[in-house]
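Heads up, the thing below is written out as structure tokens.
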Amino acid sequence: MQIAFETPDQPDVHELIGELDAYLYSLYPPENVYALDMASLFDPSVLFAVVRTADGAPIGCGAIVIKPEYGEIKRMYVRPTARGNGVARRLIESLEAKAEQQGCRTFMLETGPTMREALILYERLGYQCRGPFGDYPEDPLSVFMQKHAS
């Protein structure tokens, strides 16, 4: 498994992001999916990483948006066939490490309450529940979490 910071405008990465979108929209109504669109992933404040197998096939992706006050984890996805092998943990740790190199010390995220495995992982990585941040509204279909760099 290799993790690299790449651009999202690759056909195999588009396919991965499409799977993520289909998954999110199968769980939540469109107004409760706060995903970055493809154009937003090219913003200079966004670090986008792809996890690939040894033969180069993408199995996961994630992003972190660097803001003056915090970094926000976005677009986290690991293909179902690759889950349970530490891929998501390594991906988040890579995103956090890269953001820390740019001076980021606080990390936040928004996820859904039905994404139990993700919630467990975030808690294990030191994220704690908090209220809404940024432009997010209070919403029963959102769970907000925060972590400070150690």
Stepwise side chain to side chain contact (heavy atoms under 4.5 Å, CB included) test for Q102 and L47: CA-CA 11 Å; Q102 295 189 20; L47 304 173; 3.7 Å; yes
Can you tell me if R79 uses its side chain to pair, donor with acceptor, with the backbone of P58 under 3.5 Å? yes
Is there a donor-acceptor contact under 3.5 Å linking the side chains of Y28 and T114? yes
Polar contact flag, side-chain donor to acceptor under 3.5 angstrom, E19-Y77: yes
Centre-to-centre under 6.0 Å for F48 and F5, is that the case here? no
Looking at Y136 versus F144, is the centre-to-centre ring distance below 6.0 Å? yes
Do L119 and V143 have side chains that approach each other closer than 4.5 Å (heavy atoms only, starting at C-beta)? yes
Distance (rounded to the nearest 0.5 Å) between T106 OG1 and E96 CD: 11.0 Å
Any chance CD of Q10 has more than 12 other-residue heavy atoms, nucleotides or ligands included, within less than 6.0 Å? yes
Using the side chain to side chain contact (heavy atoms under 4.5 Å, CB included) rule, take I73 and K147 through it: C-alpha gap first, then chi angles, then the decisive distance, then the call. CA-CA 11 Å; I73 302 288; K147 171 185 176 178; over 6 Å; no
Do you reckon I92 sits in the same ILVMFWY cluster as I64, going by side-chain contacts under 4.5 Å, direct or chained? yes
If we only count heavy atoms from C-beta on, is the F107 to Y70 side-chain gap below 4.5 Å? no
Nearest heavy-atom contact between P140 and P113 is O-CG, 3.6 Å
In this structure, are over 12 heavy atoms from other groups packed under 6.0 Å from D55 atom CG? yes
Test item: V78 and C61 side chains (from C-beta on) under 4.5 Å apart, heavy atoms: no
Heavy atoms of L91 and A49 approach each other most closely as CD1-CB, 3.8 Å
E117 atom CD, over 12 foreign heavy atoms within 6.0 Å: no
Which atom of M145 lies closest to which atom of Y122, heavy atoms considered: SD-CB, 3.7 Å
Side-chain contact, heavy-atom cut-off 4.5 Å: L27 with M115? yes
Taken to the nearest 0.5 Å, the spacing of I59 CD1 from D12 CG works out to 12.0 Å
Within-4.5 Å side-chain heavy-atom neighbours: R90 and I3: yes
For E72 and Y34, does a side-chain donor sit closer than 3.5 Å to a side-chain acceptor? no
Quick one: do M76 and L109 satisfy side chain to side chain contact (heavy atoms under 4.5 Å, CB included)? Show the steps, please. CA-CA 10 Å; M76 281 294 303; L109 60 88; over 6 Å; no
Student check: side-chain heavy atoms of P8 and H14 closer than 4.5 Å: no
Answer yes or no: is there a donor N or O on one side and an acceptor on the other, between the side chain of N85 and the main chain of V87, under 3.5 Å? no
With clusters defined by side-chain heavy atoms of hydrophobic residues (ILVMFWY) lying less than 4.5 Å apart, directly or transitively, does L36 cluster with I17? yes
Side chains of R52 and Q2: is there a donor and an acceptor less than 3.5 Å apart? no
Please evaluate residues R75 and L41 with respect to the criterion side chain to side chain contact (heavy atoms under 4.5 Å, CB included), reporting the C-alpha separation (whole Å), side-chain torsions for both, the decisive distance (0.1 Å), and the verdict. CA-CA 9 Å; R75 285 306 202 171; L41 292 174; 4.1 Å; yes
Between the main-chain N or O of H148 and the side-chain N or O of R105, is there a donor-acceptor pair closer than 3.5 Å? no
Look at the side-chain heavy atoms of Ile, Leu, Val, Met, Phe, Trp and Tyr, link any pair under 4.5 Å apart, and say whether V50 and V65 land in one connected group. yes
Are L121 and R89 side-chain neighbours, meaning at least one heavy-atom pair lies under 4.5 Å? yes
Does any non-hydrogen side-chain atom of M38 lie less than 4.5 Å from one of D9? no
Rounded to the nearest 0.5 Å, what separates atom OG1 in T111 from atom CZ in R116? 12.5 Å
Work out which heavy atom in G71 is nearest to a heavy atom in C104; give both atom names and the distance. N-SG, 3.2 Å
Taking atom CG of D135 and atom CD of E110, what is their separation to the nearest 0.5 Å? 12.5 Å
Does a donor on one side chain and an acceptor on the other come within less than 3.5 Å for S40 and D37? yes
